[in-house]
Amino acid sequence: MTKKHSKSTQRKPRTDALRNRERILEVAKGAFTRHGADASLDEIAKQAGVGAGTLYRHFPTRDALIEGVYRNEVEKLAAAAGHFAETKSPIEALRSWMLLLVDYIAAKHIIAPALNSVVGGPSRLYEGSRSRIQSAIDELVKRAKRSGDLRRDLDAFDLLRALIGVSHVGSGADWQQSARRLVDILIAGSRPLK
């Protein structure tokens, strides 16, 4: 008799399964943006080019899909910090990431009604994302300080607070353009005093 292993080994997801998951998340983000939390899950699956079973295998509930969309956006934002740090000068990496943060905040505003429908509210989701976002900007700011591009007394949280603040103050359609301009103002104001 052959002996079966009692330990369960965890396999890496197949490439096609990862692609399906990413497509579902992108389509769901658009659907929740346009239709709110009540967007049709069957329609999301259809537009993503997968069957309903595939969607439910990845995201067993509507809440799981909404949370998945939000977490995916946070992951992309956090990963971008590392990518920018590898490919750009310290100050340009910070600037590029801050511009991406503005886009993330805009997307979060759009999908907020769907996030509000999640059982227990969105605060649980937001809490976990804060540390990821804070860590990303902290590393970029430290790198820019080491290079001499930023003042030593700058606190990375001040940059976050300014961008988040302008997104909450600006209720008009142009708040995003204002926030993008603010990125350059913040960078210029954060340069070492000479």
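Starting from 1, each residue takes its place in the sequence as its number.
The heavy-atom pair separating P90 from A144 by the smallest distance is CB-CA, 3.7 Å. When every heavy atom of A37 is checked against every heavy atom of R62, the shortest pair comes out as O-NH1, 2.8 Å. Considering all non-hydrogen atoms of both residues, A156 and Q134 come closest at CB-NE2, 4.3 Å. Heavy atoms only, all atoms of each residue included: F32 and A39 are closest at CD2-CB, 3.9 Å.
In this structure, CD1 in I137 is found 5.0 Å from CG in L159, a value given to the nearest 0.5 Å. Here I164 contributes atom CD1 and I133 contributes atom CD1; the two are 7.0 Å apart, rounded to the nearest 0.5 Å. Here the CD1-CE distance, from I187 to M98, works out to 5.0 Å after rounding to the nearest 0.5 Å. Taken from CG in L100 to CD1 in I105, the straight-line distance is 10.5 Å, to the nearest 0.5 Å. Atoms NZ and CG, from K145 and L140 in turn, are 12.5 Å apart once rounded to the nearest 0.5 Å. Taking OG from S190 and CD1 from I185, the interatomic distance works out to 11.5 Å, rounded to the nearest 0.5 Å.
No more than 12 heavy atoms of other residues, nucleotides or ligands shown are found within 6.0 angstrom of NE2 on H83.
Looking at heavy atoms from C-beta onward, L77 lies in side-chain contact with W97 at the 4.5 angstrom threshold. Within the 4.5 Å cutoff, no side-chain heavy atoms of D149 are placed close to those of R143. Residues D158 and L186 form no side-chain contact, since every pair of their non-hydrogen atoms from C-beta on lies 4.5 Å or further apart. In this structure, R180 and D103 have side chains that are in contact, with non-hydrogen atoms separated by less than 4.5 Å. Between T54 and R21, the closest side-chain pair of non-hydrogen atoms is not below 4.5 Å. The shortest distance between side-chain heavy atoms of Y104 and V74 falls below 4.5 Å.
A salt bridge links K142 and E139; the closest N-O separation between the charged side-chain nitrogens and carboxylate oxygens is under 4.0 Å. A salt bridge links E73 to K76: at least one charged side-chain nitrogen sits closer than 4.0 Å to a carboxylate oxygen.
A donor-acceptor contact closer than 3.5 angstrom is absent between the side chains of R132 and S129.
Put simply, the side chain of R161 never gets that close to the backbone of F157: no donor and acceptor are under 3.5 Å apart.
For the side-chain contact (heavy atoms from CB on, under 4.5 Å) test with I44, the passing option among L25, V27, V50 is V27; the others fail.
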